[in-house]
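The figures that follow rest on heavy atoms only: side chains count, while hydrogens, waters and symmetry mates do not. Predicted, not measured: the structure shown is a model, and the values here were computed from it.
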Number of protein chains: 2
Amino acid sequence: MTDPVDPPSKAANPGPPTSVDPGRPESSGERRIPEATVVRLPVYQRILEELLRSGNATVSSEQLAASARINAAKVRKDLSLLGSFGTRGSGYDAAFLIEQIDRELGLDQVWPVVIAGIGNLGRALANSQGFTTRGFTVVALLDVDPAVVGERIGDITVRHIDELEAVAAETSLSIGVIATPASAAQSVGDLLVGAGVRSLLNFAPTVLAVPPEILLRYVDLSIELQVMSFYQARLGVPSEEQRMPSIRSIGLTGA
Amino acid sequence: MTDPVDPPSKAANPGPPTSVDPGRPESSGERRIPEATVVRLPVYQRILEELLRSGNATVSSEQLAASARINAAKVRKDLSLLGSFGTRGSGYDAAFLIEQIDRELGLDQVWPVVIAGIGNLGRALANSQGFTTRGFTVVALLDVDPAVVGERIGDITVRHIDELEAVAAETSLSIGVIATPASAAQSVGDLLVGAGVRSLLNFAPTVLAVPPEILLRYVDLSIELQVMSFYQARLGVPSEEQRMPSIRSIGLTGA
DNA sequence: CGATGTGAAATGCTTCACAGCA
DNA sequence: TGCTGTGAAGCATTTCACATCG
């Protein structure tokens, strides 16, 4: 009971500390993708899509790297973790690569998303590209304000959060997005979990407590602003990070 | 011209590779704060504020770690980089710690922020806690839509982006926030830079090109959603990351 | 006694550098 | 020849473990 945060996991590691030749995981036991890589994959997606739109069917690691402002070796290593999808001498096929990344990110399936809190942020999310394209469908919008309940956004009507049970009965919900004021976030989170949501994405500026089996991530709209303040305040930006990307937004992960 | 992304910096490192006893940097040459730490500082802030509100004046690294879902040693190491602000045997004084972190993040000064693109997201940002509390003031709201220009949000009237020059003459602008559709982002960014903004925070889902002397950061509202998809798709979340935080939102930094 | 602060070890991530394939 | 894929080296960050101090 000394450290509630650090359950025995490292010591009880299933695999031996010094490798006994893992044999390079094949098609069945997929390669381990570092989270650092996972977070870059959506960035590559975005760049690839832009390249495609501007008529580039093929792209080199150098080009991708230049757009993402990272090192080309990193791009190649990231992509090689998904498989050998490039063609030596010419590069990667943009469309094909997008497909592969989608598959890796699990965006080849569709996650039903419910958004709670239909203020400005909730509306922005409901309409945002990232929530409406590949991989996600917004299946429900919830609020408590009678002035908002009943309103139609896109092709979805905002419902009262008391109807959550009914909504859950109609459609499956896998991801809950909290866009409420901080004061409501915890209780809304509890309700969503009660309704069977497996993951929570919290935009409210508060620390949420949820059961460990719920995947919890947390986005702070002002965190980059604060990081900017830090670097702006000391114009001697760390030489290494100067052109470095860093991909963020607080995420708390539970089991 | 082979690698436009990676200027010589590592090799030309000022400090010797093996330390010659740096002598522990004192008050003048501040300690180097790793970016990983910088990004956690706002998280600590939020937790500290909540603890304060709930009547806890003192907090231990264990408590902070439990709330942030990270290792207590990490908390202690992070905080010790700012100075020795804890009291052995009892912990940290929450209010004092908040102050110190503010100072470290440069939030003891006030950065004038201009938000371009007053749709749902722009409004959400303009009203968001993170943009209106310590460290930042929203000094201008800009849009092109005649239906929006002239509208009053909080105590600021939305102005047409053509008035940017005039705005810049009236008040200093240090941070520009882009909350426009992707299609407008690049030109708006150019305008803001032209108006003297030193940093850009881009919420538009597009890759922005800006001069290297501009500090550029980029937030993707759906990136965590995509990361969720990845982990949800393979319910065997990496055992190590299970309770790990990770703090994100794409950031592209230019000198 | 309890909790900080911190060397040193462990781990993870990035970058280099180059073999190898189209 | 050009660009990928990848061991191995180099860094950064995390975690341990414990001396230290209020």
(message) Tell me which pairs pass salt bridge (charged side-chain N to carboxylate O under 4.0 Å, His left out) where either residue lies in residues 78-95 of chain A, with sequence neighbours left out.
(response)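 Listed once each, the pairs are A:R40-A:D78.
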
(request) Would you list the pairs meeting salt bridge (charged side-chain N to carboxylate O under 4.0 Å, His left out) in which at least one residue belongs to residues 48-60 of chain A, sequence neighbours left out? (result)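 Sorted pair list: A:E49-A:R134.
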
Give the rounded distance in Å between these two atoms: [atom1] of [X] and [atom2] of [N].
X: B:K77; N: C:dA3; atom1: NZ; atom2: C1'; answer: 16 Å
X: B:R76; N: D:dT15; atom1: CZ; atom2: C1'; answer: 10 Å
X: B:I33; N: D:dA12; atom1: CD1; atom2: C1'; answer: 15 Å
X: A:I70; N: C:dT14; atom1: CD1; atom2: P; answer: 8 Å
X: B:D78; N: D:dT15; atom1: CG; atom2: C1'; answer: 12 Å
X: B:L97; N: C:dT4; atom1: CG; atom2: P; answer: 11 Å
X: A:E62; N: C:dA17; atom1: CD; atom2: C1'; answer: 14 Å
X: A:L64; N: D:dT4; atom1: CG; atom2: P; answer: 9 Å

Name all residues meeting the side chain to side chain contact (heavy atoms under 4.5 Å, CB included) criterion together with [X]; count only those two or more places apart in sequence or in a different chain, and write none if there are none.
X: B:S199; answer: A:M228, A:Q232, B:I175, B:L215
X: B:E99; answer: none
X: B:A209; answer: B:Q186

(message) Taking the nucleotide of DNA chain C with the nearest heavy atom to each, does A:A73 or B:S61 sit closer to the 5' end?
(response)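 Its nucleotide being nearer the 5' end, the pick is B:S61.
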
Below 3.5 Å is the cut-off: list the nitrogen or oxygen pairs between protein and nucleotides 19-21 of chain D, distance only.
| from | atom 1 | to | atom 2 | distance (Å) |
| --- | --- | --- | --- | --- |
| D:dT20 | O2 | B:R88 | NH1 | 2.4 |

Determine: side-chain N/O of [X] to OP1/OP2 of [N], distance under 4.0 Å, yes or no.
X: A:Y92; N: D:dG2; answer: no
X: A:T87; N: C:dA22; answer: no
X: B:R40; N: D:dT14; answer: yes

(message) Let's test your reading of the model: under 3.5 Å, does the base of D:dT13 pair with the side chain of B:K74 as donor and acceptor?
(response)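 By the distance-only test, no, there is no pair.
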
(message) Between A:S229 and B:L105 (side chain of the first, backbone of the second, donor and acceptor by atom type, cut-off under 3.5 Å), is there such a pair?
(response)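 Checking the backbone N and O of B:L105 against the side chain of A:S229, a donor-acceptor pair under 3.5 Å is found.
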
(request) Could you check if a side-chain atom of A:R234 sits within less than 4.5 angstrom of a side-chain atom of A:F230, using non-hydrogen atoms only? (result)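 Side chain of A:R234 against side chain of A:F230, heavy atoms only: contact under 4.5 Å found.
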
